[in-house]
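Just below is one structure, and these are the notes that go with it.
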Amino acid sequence: MATPVPVHEPHKFKTIRQIAFPSIDARKHNLAAAHFNVFNLTPPQVSFDMVSYGSGAMTQEQLAGQFIGDEAYAGARNFETLCGNINRVLGHTHVCPTHNSLGSVKILLHVFAESGQRLPSNARGRVDLHAPRGIELYDVRDHGQDVFTGNFDLAALEAGIGASRPPFIGAQAFADGQHPVSLANLRAARALADRHGLRLVLDVSRVVENAWYIQRYEPGMGDRTIADIVKQFAKTAHVILMDGAQDARANTGGFLATDNPADHEHFINEIVVFEGLHTYGGMAGRTMEVLARGLAEMCDEPTVQWAMQQTERFTARLRAAGVPLERGCDGAYLRADAFLPQVTAYPEHALACALYQTAGVRALVQGLAGRGEHLLPLQIPRLAMTNRQLDQVADAVIALHRQREQVPALSLERDGQWHDELRFGAVFADFEPVAFDCEPYLAHTLEPIAVTTREQRLQAMREAGWNTFLLRSADVAIDLLTDSGTTAMSTAQWAAYDAALPTPATSSAYLEFAAAIRDVYGYEHVLPTHQGRAAEQILSEVMIRPGQIVPGNMYFTTTKVHQEYAGGVFADVIVDEAHDPTSLFRWKGNIDLAKLEALVQQHGAAQIAYISFELSVNLAGGQPVSMDNLREVYAWTRRHGIPVMFDATRAVENAYMIQAHDPRYKDTRVKDILREMMLYGDGATVSGKKDFLINIGGLLTFKDNAEWARKSEAKLRIYEGGVRDGGLPAADLAAMAQGVREMVDDRYIQARVGQAQRLAGWLREAGVPVVEPTGSHAVFIDARRFLPHVDQDEYPAQRLSSEIYIETGVRTMERGNVSSGRDPDGSNHHPALELVRLTLARRVYSDDHLREVANGIIRLWQRRESIHGLRFVYEPKDLRFFQGRFEPMEAAAAV
Ligand code: F0G
């Protein structure tokens, strides 16, 4: 059986590329500067560049390949890998590498063809390459087909060959991106070629999409794998050529391959003249490796099914709205003439300009102008976009279609043979602008996620002692354990990472980081640490005298432990609403000033070490603190001479919540809100693994108190590393500096928090009890209300998180009785909140992943009575949730 259509990406985003959203005024300016030909626009001027050539997301293994092998002039080992993979995937033995498919065509024509010859083909696109060489390409496509529109009209082919003997027969898989060919038809073309003593030369650049059509629509092929079909298809030809920037998702590269050693010899004799040497053919060694790995991966069944599903869905959305289009293997090809009947000349350029003007979306017309096709391809960069993004791009096209009568014709200012040469005069119309609220980034590389059966997951959970912390990541499909260090780094962060110069003294990366912190927080003293808890240790030791009280708005596990290790006594001063998972109070992170006042009355201000003020209170459900509360608490502490120390781990998310829910701040940038928030404190600890968009790193910072900074530096040297690195390599500091700049981007933070809101919405709709209101980094399920029949001492949240894994492969975390530990008398602490946390990694998962998470939990909700509790079989003393092991109560009862 063919793989079913996946409901979400079979991978997560490993690294991302940020995209730009130029304003409507900037777009008009750019269009004018580009002479109304979108070819002249650069990617920073474009939000969504709807081209599929060399723009796909690679796998992490492909990217890794970029650094493997050699750049030898002759006999590079990457070439050997490439030959091996071509042989394995496409079935041909002799490989002639080329710089890209133009290189392949150049060699082919040089070896086989002469000017004046006529060449039959099922594709038109290559006309551009043949006509200038005096070779006439003619159409032998069977125009009577409706699915396999790329099939050869065998009678026409036979007749054409009879009339004039061609150099070879040209075939293209998914001809012109629009016309798939059936395997049976390709085989018939091969038989015909053999009868006439001709070669069948096949372009396999889009063979994967073609194979998907064969799997789905060709009789008897439904049970075959994509890999099998691809190989059969490619082997049918005498010679194949491929463009590496298409299905193999390299950014360039190509090759010719054949089983015929004599043909191969001809090719490699020409290669040295035109391309390079026969063992690199004009490709860098790294390109050969990336291409080789891409070839090996391109037939991965779930990935192919996912990509094709995206194309089908995108096209269907446009079609349903009446947008005139034709099928494309990689998107929807708009029929510009039907879209804009009032525009008689160059409607494809007029449409491309209008689309860019309204939405910042680029669709590109390429090749020879004046062929009269008027198609504007909207291609999907392979695996780089989410369905949410594609829906919004489709909606932008649909919105333009509604205003199509206003699209002006362009006046030609400079003619030319090729589309990229044309220039047009300035015309703008007043369109309604389109706004995007999808992810402001594309996938750059992808990491596969686990596919497991229920039995495998049950076994994995038993081995993990019913503790999701003890599961192997390799067994997890969607990992919602934490948002800590799980970020997809941007290419800008990676660039900074690679460029950073290491030193045990003062690195430029440190200075960049310190400057970024001063910019976004306004704090002077910047002490890097390897992560948050290290900063907490130092802060606690510097600021707490044994016996002092540390009031905090709820607590975080590691924060409280360090305060206690330093001799402090934690006192909870969060508002009561925070302990009520059903309360809809918006600012559940707030401090109750009356509780603070009572502590001072009882112990005196001198007995208070500092206020430990967490932003976006994690254990309360990611609940924000209001700006008013920040201001009031700070004013109060000024009167008593008590410092305020933030846990600013998720301060940006808190700033976003203020922007979203405090009408006074709705037009203020998140960056400016954050800066104001930080005014109401004296210092902060930060786990950089959250807001800072980094996989490791932390921060201790003080606004202006040089004495605290100096005392902390003394500890930093002992516990962490140098005072200017905190034990972090310059590379991580550089990436963190860039992350700090990226974290305050309004679009990014809105897209991030929006995911949590949507996930909570789907659960809420189905009746699943979630903590209200939804916080910013996670959705918390109320396990008490989910499993009211399970006693809190049988750890309902721990059990629920285990069951979620077994049901769906989704990893979550308990935040309840297990996490909060035991009281001094040895009894469980019995916190008011007994929660399961679904935590969202930054820039990693799509809405489709999260929809599946919701569906799995809803299935559990429907059979919740069947779920029981757990008991400890191993209980560590501190932070027992990390390593504790359990067994199900029903198993204990059965013994
Ligand atoms: N403060 C808060 C609010 C946190 O959420 C965390 C970590 C820390 C401090 C400690 O920082 O891990 O860098 O040492 N929270 C992670 C989580 C572990 O999953 O919530 P760290």
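Hydrogens, waters and symmetry mates are skipped; everything else that's a heavy atom, side chains included, is used. Ligands are counted one by one from 1 in listed order, and the atoms in each one are counted from 1 as well. This is a predicted model, so every value here is computed, not measured. The first residue in the sequence is number 1, and the count goes up from there.
Considering only non-hydrogen protein atoms, atom 10 (C) of ligand 1 sits nearest to Thr558 OG1, 3.5 Å. For atom 9 (C) of ligand 1, the closest non-hydrogen atom of the protein is Glu536 OE2, 2.9 Å. The protein heavy-atom contact nearest to atom 8 (C) of ligand 1 is Phe556 CE2, 3.5 Å. Atom 2 (C) of ligand 1 has Asp647 OD2, 3.3 Å as its closest protein atom, hydrogens excluded (heavy atom only).
Looking at Thr559 and Glu536, their side chains do bring a donor and an acceptor atom within 3.5 Å of each other. One side chain, Ser819 or Glu814, offers a donor N or O that lies under 3.5 Å from an acceptor on the other. Thr482 and Thr839 share no donor-acceptor pair across their side chains, judged by distance under 3.5 Å alone. Side-chain contact check for His830 and Asp793: at least one donor-acceptor pair (N or O, by modelled atom type) lies under 3.5 Å. A side-chain donor-acceptor contact under 3.5 Å links Thr774 and Arg764.
For ligand 1, one of its N or O atoms has an N or O atom of Thr482 under 3.5 Å away. In terms of polar-atom proximity, Leu481 is not counted as a contact of ligand 1, lacking any N or O under 3.5 Å from an N or O of the ligand.
With a heavy-atom cut-off of 4.0 Å, Arg533 touches ligand 1 through backbone and side chain alike.
Close approach of ligand 1 to Glu614 (heavy-atom distance below 4.0 Å) involves ligand atoms 3 (C). Listed by number with element, the atoms of ligand 1 under 4.0 Å from a non-hydrogen atom of Lys689 are 13 (O).
When ring centroids are compared, Phe469 and Phe881 come within the 6.0 Å threshold.
In this comparison of Arg815, Lys690, Gln537, Met554, the heavy atom closest to atom 18 (C) of ligand 1 sits on Lys690. In this structure, of Ser484, Gly622, Ser687, the residue bringing a heavy atom nearest to atom 11 (O) of ligand 1 is Ser687. Counting heavy atoms only, Arg837 comes closest to atom 20 (O) of ligand 1 of the residues Arg837, His530, His777.
Side-chain atoms of Arg650 do not come within 3.5 Å of backbone N or O of Lys690 as any donor-acceptor pair.
For the salt bridge (charged side-chain N to carboxylate O under 4.0 Å, His left out) test with Arg752, the passing option among Glu653, Glu742, Glu439 is Glu653; the others fail.
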